[in-house]
There are 2 protein chains.
Amino acid sequence: MVKQQVEREHSPSMEDYLEAIAMLRDANKAVRVSQISRRLKVRMPSVTSALERLSEKGLVVHERYRYVELTPEGEIVAEGVVHRHEALSCFFTEALDIDRETAEEDACKIEHVISPLSLERMIKFIEFIQACPLEEPNFPKRYKYYLEHGKLPEECLARGLEKEERRK
Amino acid sequence: MVKQQVEREHSPSMEDYLEAIAMLRDANKAVRVSQISRRLKVRMPSVTSALERLSEKGLVVHERYRYVELTPEGEIVAEGVVHRHEALSCFFTEALDIDRETAEEDACKIEHVISPLSLERMIKFIEFIQACPLEEPNFPKRYKYYLEHGKLPEECLARGLEKEERRK
DNA sequence: AAAATTTGTTAGCCTTGCCTAACAATTATA
DNA sequence: TATAATTGTTAGGCAAGGCTAACAAATTTT
């Protein structure tokens, strides 16, 4: 709790709309009110009014009854959201071994509130475990073993103990 | 982002109030409107009206001009929030090596949206790295080295290569 | 091209959750 | 104990962001 110093530029809701628009466009779908509505599971009038608010902020262009487009600035914001989303969902699946669906759901929520630092660290973390593939059992394997058995694999403990012994 | 199937029981705001009440009480401070107001950085009338909403849901007891208390049910909800908060802030500091302040801020936001599964995995993850202390350089050290130098420590790579060699 | 369907908008309502201003109760102080 | 200071409440406002109902434009079908 305790409020953050700097208020976020855009609300979670606005970020969701921008993200949805960017992703529909990237999927080569016409970006229409109905598409956004379906994707975000809100009714069309909610989309219309959201687009109005986004227009006022200069983030989208939308003529009545026509397609929706991002402005260059909207593009930048959307890109940021998508990037956070992808990093988070990757972290959840790769680092924490969470199923894709849950990972996506959590990413959708957390992308709106996570700090740049924490996000950066999650990305570094993924890099880190990907840089460890030579060790056997490597990081993800050991972690999965721990998830399943509640302890580290034998050989891993053994290796640790060896070192302990040697130290004496 | 695609809505979650199950709507959260209580809003982030309500959870913040419950958490604040529990923590003030645990700090042996009188739980008064003014205290909550200070802690959450909202004005007193906002607290009064929030308490009214919480009363209606049977989560707090609050007589006009008097102290605030949690009901048994409010207690359970508050406990859940505090638990999520602590697990998250621990994960950020211990696993990702993030400074306490940022960790707290992020925990405050994410505690309201994270799924039970992801939370559980973060907890397991902390257990996992704490179960690795025998290896040298151990997990947190290697991770910190990676953060600072952008690569794994020499000896770590060397060990990996040895194994590669042996395999040939 | 007329009719039917789909899509989009407008108007208007509702809840949440914050705010300020004004007032009331409580507590502390002279 | 009377007054001052603090604390809390009430009343009322406002923005965000959702909704439905009714209507209008666009598109598709006949």
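Just so it is clear: chains get the letters A, B, ... in the order the sequence lines come, proteins before strands, and each one is counted from 1.
A:M44 has its CE atom 14 Å from the P atom of D:dA26, to the nearest Å. The CZ-P distance, from A:R8 to D:dA16, rounds to 18 Å in whole Å. The CD-C1' distance, from B:E52 to C:dC18, rounds to 15 Å in whole Å. Atoms CZ (A:R38) and C1' (C:dT7) sit 9 Å apart, rounded to a whole Å. Separating the CG atom of B:L51 from the C1' atom of C:dC18 is a distance of 14 Å, rounded to the nearest angstrom. Taking atom NZ of residue A:K41 and atom C1' of nucleotide D:dC19, one finds them 17 Å apart after rounding to whole Å. Rounded to an integer number of Å, the gap from A:L24 CG to C:dT7 P is 14 Å. If you measure from atom CZ of A:R43 to atom C1' of C:dT9, you get 16 Å, rounded to the nearest angstrom.
At D:dG17, one or more side-chain N or O atoms of A:R53 fall inside 4.0 Å of OP1 or OP2 (strictly under the cut-off). The phosphate of C:dT9 (OP1 or OP2) has a side-chain N or O of A:H62 nearer than 4.0 angstrom.
Along DNA chain D, the nucleotide closest to A:S46 and the one closest to A:R64 are compared, and the more 5′ of them pairs with A:S46. Along DNA chain C, the nucleotide closest to B:P12 and the one closest to A:R66 are compared, and the more 5′ of them pairs with A:R66. Nearest-nucleotide positions on DNA chain D for B:S49 and A:R32 put B:S49 closer to the 5' end.
With D:dG17, C:dA24, C:dT9 as the candidates, the nucleotide lying closest to the side chain of A:T48 is C:dT9. When each of D:dG17, C:dC18, C:dT9 is scored by its nearest atom to the side-chain atoms of A:V33, the top-ranked nucleotide is C:dT9. Of all nucleotides listed (D:dG17, D:dC19, C:dA21), D:dG17 comes nearest to the side chain of A:S11. The side chain of A:Y65 approaches D:dA26 more closely than any other nucleotide in the set D:dG8, D:dA26, D:dG18. Checked against D:dT20, D:dG17, C:dG17, the side chain of A:M14 finds its nearest nucleotide in D:dG17.
Taking the charged nitrogens against the carboxylate oxygens, A:E104 and A:R100 do have a contact shorter than 4.0 Å, which makes a salt bridge.
Contact annotation for B:Y67: no contact, since no heavy-atom pair falls under 4.0 Å across all strands. Residue-level contact check: A:S34 touches the backbone only, with heavy atoms under 4.0 Å from sugar-phosphate atoms and none from bases. Among the atoms of the strands shown, none is found under 4.0 Å from any heavy atom of A:H10.
Here the shortest heavy-atom pairing between B:A103 and B:F92 reads CB-CB, 3.7 Å. Among all heavy-atom pairs drawn from B:G58 and B:E73, the shortest one is O-CB, 4.2 Å.
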Next on the checklist: Between B:L18 and B:V81, is the side-chain contact (heavy atoms from CB on, under 4.5 Å) condition met? List the steps.
Outcome noted: CA-CA 8 Å; B:L18 293 172; B:V81 182; 5.5 Å; no
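Checking B:E15 against B:H10 by side-chain atom types alone, no donor-acceptor pair falls below 3.5 Å.
Formation of a donor-acceptor pair under 3.5 Å by the A:S37 side chain with backbone atoms of A:V33 is not found in this model.
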